[in-house]
Amino acid sequence: MDTINDDQYSPQAVEAAAQQYWQTHKSFKVVEDSSKEKFYCLSMFPYPSGHLHMGHVRNYAIGDVISRFQRMQGKNVLQPMGWDAFGLPAENAAMQRKVAPAKWTYSNIDYMRKQLQQLGYAYDWDREIATCHPDYYRWEQWFFTRLFAKGLVYKKEAEVNWDPVDQTVLANEQVVDGRGWRSGALVERRKIPQWFIKITDYAQELLDDLSKLDEWPEKVRVMQSNWIGRSEGIELSFDVAAQTAEQYRSMSVYTTRPDTLMGVTYVAVAPQHPLALLAAENNPELAEFVRQQTNIKMAEAEMATMEKLGKPTGLQAIHPVTGELLPIYIANFVLMSYGSGAVMAVPAHDQRDYEFARKYGLPIKQVIRPADAATAACDLESAAFTDKGILINSSEFDGLHFQDAFDRIEAWLKQRNKGEKVVNFRLRDWGVSRQRYWGAPIPIINCPDCGPVAVPEKDLPVLLPEDVEFDESGSPLKKMPSFYEAKCPACGGDAQRETDTFDTFMESSWYYARFACRDLSDGMLDKRADYWLPVDQYVGGVEHAILHLLYARFFHKLLRDEGLLNSDEPFARLLTQGMVLKDGSKMSKSKGNTVDPLPLIEKYGADTVRLFMMFASPPDQTLEWSDSGVEGGYRFLRKLWRTIASHDHTNTTALQADKLNAEQKQLRYKTHSTLEKVTDDCARRQTFNTAIAAVMELVNTLHKFLEQSADCNDVETRILDNSVVNEALSIIVQVLAPIVPHFSHVLWLQMGHTEAVIDSAWPSVDRSALQQDSVQIVVQVNGKLRARFEVEKNIEKSALEKLALDHEHVRKYTDGANIRKIIVVPGKLVNIVVAD
RNA sequence: GCCCGGGUGGCGAAAUUGGUAGACGCAAGGGACUUAAAAUCCCUCGGUAGUAAUACCGUACCGGUUCAAUUCCGGUCCCGGGCACCA
């Protein structure tokens, strides 16, 4: 190993020394401390795929910089790390390499932990969590049984991708072009019973509380809001003509546009709707249509271009107001899963209804006119008129605007028991069953007599057997009687254990809380969770903007309502970091443009890699990888190292602000204005790129100062020079400490400090150093820059105007012209407005 | 289609509240040191004209507001992300 050389920066030696220090001093172990303000900084934990990629390095560098900055602000900082350890890749590895998923996962964790430690992240490793460990997932199982008891979970049939050759369920990413990724067989949609958690019960609160998240990016809040998709409408019933069987006598539809009720010219139902099935019973052609439409997988991209198709059922609905008979169609654009699986079609005012009506020759009846036009004329030749407006052709509702019409029609329907206002959400309940092996077993026993029964607390955890044989079809749990044979906890009879496992989003929905008390053995969470939560700063990829963050917010509210927590939201401030790009596209194995962090760390050291990543762009923007940019960062550190190493730190004469000459004052001004900017950039703006740029400017200024100082022979001046240089250097080393922690650690000790730089307090700005005697003023003529000069700071406005007007460059443009106005921005600018 | 972002030198970017466009860095070119290379240091570096001082142009495009616009408003084009038959 290299040793630390005083003159030359040797990253390997420096990093080994700093890491050694942190380890022996347990520098990042943290406990609750009511005397300090707490700060919980969390980066999204990784899936242990085998090795870190650049996206991880960036994510964790950002989190680490924030953590270390907050620590120097005097906060009690918790920064934990763990592993999102369940998931499909472990099963694939098991099949490909004949290695048990648990073994594969744990060895990946060991390797990646070393990589993280190499990068010098300030984690409290005593709190490390691996979600595949029974100590973790037992509490998830326990909590699920609590939700079960509360009626917040239920079982229902839901579709899965079924591979008929491998006889197994496929995850969406295992379906390639509609075929199983291994077998190549056409994937079928199959319905099987699965567990759901009632996130829809919390839809309104999840939507409302978005307004509390004022330190989240607007973008993420909008995405969540759209995902929840709240709409207000009316559910109304249409009677179905000539039906004798009770269940077919009426149908209900949901509409957000009850104002268009009088424009309904047909009704459309989903292919899976009971009336569709009824009509298909004695009609082979309809049956075939229903079968076809049901079998089509929800292939996302094609849906957009999919042609609107339909068939008349031969049935008729009765218009609730006019009594008119309306044909009922089966239409492929109506979804059984939204509203009631049926829509009232208003072709004049809905684009889909319009296209469908055009195609099948159905009437188009205008009932809304534009609110701002004097006439009812609007062009229905090529498209529907979908704006809200004023009702026409609607008998007693004519002339009403949207909201009045909504209310009046709702009242009319309600009075006759034909409809009422309802709120609908796009959000669906959360399906948590996965037909996979490498996940947390769902703690339920299915009894032929009692139905599904929760595993009692004393029998938890339901352990996932770790030594398993993988053949290539389906979950091994289904072939292990020793796992699935069980006695019913309620009646004691023979029963079968659930062999499905949880969606891995379950584990990642509460890990942030468990970090507060991960050693707790007799409970899920304790009071420590309330000390640390909410997470003050959460950092992770924007790809988790919807699902993970929504599930975690939901889980937090579930935990709160179970009395385990007392806050409403898990993450106070959110930073979504941008992707790492190379040659303009995302780094990925398939594109072959990945850059492995390890060789870079070996060549330049972790600090250079961290510095480049923080410097190249703001954290929330994409980062364009550049080898020469890394080189530049290395150059900066080497140069700064030499400067500090060659500086005499033994001369520690106290700084005497009142004795400084102009140059010395100027350096102090630069030092403290930089400190002020860097502090703001790190805390409020989180633009670490500009913070680093500001430090680089200060270093450049310092170098010029040192050059001049070297030429000076006056002893008194040299001593004062040294004092302002000392101050600048120590501030530089401190403000860089969060970004290049090893570098700063070693230099700080070399500068003669006895405490570690991580334990030093962030320096404070000396306001008096920011006082300037003179300022630079720019002069514009008609907004164009014409001159600049220095003036005394407190100059009178009239004197300033005179100086500006007398300037030779200005007079070229003002002589002989008529001066109409002079605008003065104090301390900055004079703009002279002239006319010819 | 809808909803968000974004478009600034050769490149990554900066300009925080409308007030000096291009900070900081990379690349490039020139020079110093060196037998040489590496490293280091110095100079130039948006475009056009000019030895220069300087002038004109310039933040995707067109228009507007303003003493003043990269920043605000209206329209157009392009790029990125998200959502998507949601009634």
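Every chain is numbered from 1 and lettered A, B, ... according to where its sequence line falls, protein lines coming before strand lines. No experiment lies behind these values; they were computed from the predicted model shown.
Within a 6.0 Å sphere centred on NZ of A/Lys359, heavy atoms belonging to other residues, nucleotides or ligands number more than 12. Counting heavy atoms of neighbouring residues, nucleotides and ligands inside a 6.0 Å radius, atom CZ of A/Arg428 exceeds 12 of them. More than 12 non-hydrogen atoms from other residues, nucleotides or ligands lie less than 6.0 angstrom from CZ of A/Arg358.
Shortest non-hydrogen contact noted between A/Val830 and A/Ala804 is CG1-CB, 4.0 Å. Scanning both residues, A/Ile732 and A/Leu698, for their nearest heavy atoms gives CG1-CD2, 3.6 Å. When all heavy atoms of A/Met54 and A/Pro597 are compared, the closest pair comes out as CE-CA, 3.6 Å. For the residue pair A/Ser252 and A/Ala342, the shortest heavy atom distance occurs at O-CB, 3.7 Å.
Closest to the side chain of A/Lys784, out of B/C57, B/A21, B/A27, is B/C57. Out of B/A87, B/G19, B/A13, the shortest distance to the side chain of A/Leu829 is found at B/G19. Distances from the side chain of A/His809 to the nucleotides B/U54, B/U20, B/G25 place B/U54 closest. Comparing atom distances between the A/Arg684 side chain and each of B/A87, B/U20, B/U16 picks out B/U16 as nearest. For A/Ala693, the listed nucleotide lying nearest its side chain is B/C24; candidates were B/C86, B/A55, B/C24. Nearest to the side-chain atoms of A/Ser628 among the listed nucleotides B/C26, B/A87, B/U20 stands B/C26. Of the candidates B/A14, B/C86, B/C3, B/C86 carries the atom nearest the A/Arg352 side chain, counting heavy atoms from C-beta on. In the set B/C56, B/A68, B/A87, the nucleotide with an atom closest to the side chain of A/Thr256 is B/A87. For A/Ile546, the side-chain atoms get nearest to B/C83 when compared with the rest of B/A13, B/C83, B/A55. Nearest to the side chain of A/Asn689, among B/A14, B/A84, B/A55, sits B/A14.
The aromatic rings of A/Tyr266 and A/Tyr329 lie perpendicular to each other, with more than 60° between the two planes, well past the 30° mark. The aromatic rings of A/His548 and A/His544 lie perpendicular to each other, with more than 60° between the two planes, well past the 30° mark. In this pair, A/Trp430 and A/Tyr551 present their aromatic rings parallel. The plane angle is below 30°, not in the 30 to 60° band.
Contact annotation for A/Glu697: backbone-only contact, meaning every heavy-atom pair under 4.0 Å involves sugar-phosphate atoms and none involves a base. Contact annotation for A/Gly229: no contact, since no heavy-atom pair falls under 4.0 Å across all strands. Among the heavy atoms of the strands lying under 4.0 Å from A/Val343 is at least one base atom, whether or not backbone atoms are also near.
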What are the atom names and distances for every N/O pair under 3.5 Å that joins the protein to nucleotides 46-52 of chain B?
none

Report all interatomic pairs (protein N or O, nucleotide N or O of nucleotides 4-12 of chain B) with separations under 3.5 Å.
| residue | atom | partner | partner atom | Å |
| --- | --- | --- | --- | --- |
| B/G12 | O2' | A/Ala616 | O | 2.9 |

Heteroatom pairs (N/O) under 3.5 angstrom, protein to nucleotides 38-41 of chain B:
| residue | atom | partner | partner atom | Å |
| --- | --- | --- | --- | --- |
| B/A39 | O3' | A/Arg638 | NH2 | 3.4 |
| B/U40 | OP1 | A/Arg638 | NH2 | 2.8 |
| B/U40 | O3' | A/Arg642 | NH2 | 3.4 |

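With a cut-off of 3.5 Å on both Watson-Crick or G-U wobble distances, the partner of B/C86 is given as none. For B/U40, the paired base is B/A32 (Watson-Crick or G-U wobble, both distances below 3.5 Å). Pair assignment for B/G22 gives none, since no Watson-Crick or G-U wobble pairing has each distance under 3.5 Å. Across every strand in view, B/G80 sits in a pair with B/C4 that passes the Watson-Crick or G-U test at under 3.5 angstrom. Shown here, B/A27 forms no base pair; nothing in the strands shown gives a Watson-Crick or G-U wobble contact with both key distances under 3.5 Å. Nucleotide B/G9 forms a pair with no other nucleotide shown, judged by Watson-Crick or G-U wobble geometry with both contacts under 3.5 Å. Across the strands present, B/U65 finds no partner; the criterion is a Watson-Crick or G-U wobble pair with both atom distances under 3.5 angstrom. The nucleotide B/U54 finds its pairing partner in B/A49, both defining distances of the Watson-Crick or G-U wobble pair being shorter than 3.5 Å.
The separation of B/A69 from B/G74, taken at their C1' atoms, amounts to 15 Å, rounded to a whole angstrom. Annotation: B/C79 and B/C72 have their P atoms spaced 23 Å apart (nearest Å). For B/A27 and B/C42, the P atoms lie 15 Å apart once the distance is rounded to whole Å. Taking atom P on both nucleotides, B/C61 is separated from B/G9 by 10 Å, rounded to a whole Å. Spacing of C1' atoms, B/C24 relative to B/A60, comes out at 25 Å, to the nearest Å. For the P atoms, the distance from B/G80 to B/U17 is 29 Å, rounded to whole Å. Remark: the separation of the P atoms in B/G19 and B/G64 is 22 Å, to the nearest Å. Taking the P atoms as reference points, B/G25 lies 31 Å from B/U35, given to the whole Å.
Looking at A/Arg221 and A/Glu218, a side-chain N of the basic residue comes within less than 4.0 Å of a carboxylate O on the acidic one, giving a salt bridge.
A donor-acceptor contact under 3.5 angstrom links the side chains of A/Thr200 and A/Asp429, judged on distance only.
Looking at A/Ser617, its side chain does come within 3.5 Å of a backbone N or O of A/Thr622 through a donor-acceptor pair. With hydrogens and angles disregarded, a donor-acceptor distance shorter than 3.5 Å links the side chain of A/Tyr254 to the backbone of A/Gly233.
Counting atom types as modelled, A/Lys677 pairs a side-chain N or O with a base atom of B/U16 as donor and acceptor under 3.5 Å.
What separates CD of A/Gln621 from C1' of B/A14 is a distance of 11 Å, to the nearest Å. Distance A/Phe612 CZ to B/A27 P: 12 Å, rounded to the nearest Å. Atom P of nucleotide B/G19 and atom CZ of A/Arg788 are separated by 16 Å, given to the nearest angstrom.
The ring-ring contact (aromatic ring centres under 6.0 Å, His included) with A/Phe612 is formed by just one residue from the set A/Tyr604, A/Trp625, A/Tyr634; it is A/Trp625.
When the side-chain nitrogen and oxygen atoms of A/Tyr338 are compared with OP1 and OP2 of B/A84, none of them lie within a distance under 4.0 Å. For the OP1/OP2 pair of B/A84 and a distance below 4.0 Å, the side-chain nitrogens and oxygens of A/Arg426 include at least one atom meeting the criterion. At the phosphate of B/G19, neither OP1 nor OP2 sits under 4.0 Å from any side-chain N or O atom of A/Lys828. Between A/Asn700 and B/G25 there is a side-chain polar atom (N or O) within less than 4.0 angstrom of OP1 or OP2. Proximity of A/Arg786 to the phosphate of B/A55: a side-chain N or O atom is located under 4.0 Å from OP1 or OP2.
Nearest-nucleotide positions on RNA chain B place A/Arg685 closer to the 5' end than the other of A/Ser626 and A/Arg685. Mapped onto RNA chain B by nearest heavy atom, A/Pro618 and A/Val833 fall at different nucleotides, with A/Pro618 at the one closer to the 5' end.
Taking syn as a glycosidic angle within 90° of 0, B/G9 qualifies as syn.
Once rounded to the nearest 0.5 Å, the distance linking OG1 of A/Thr608 with OH of A/Tyr9 reads 4.5 Å.
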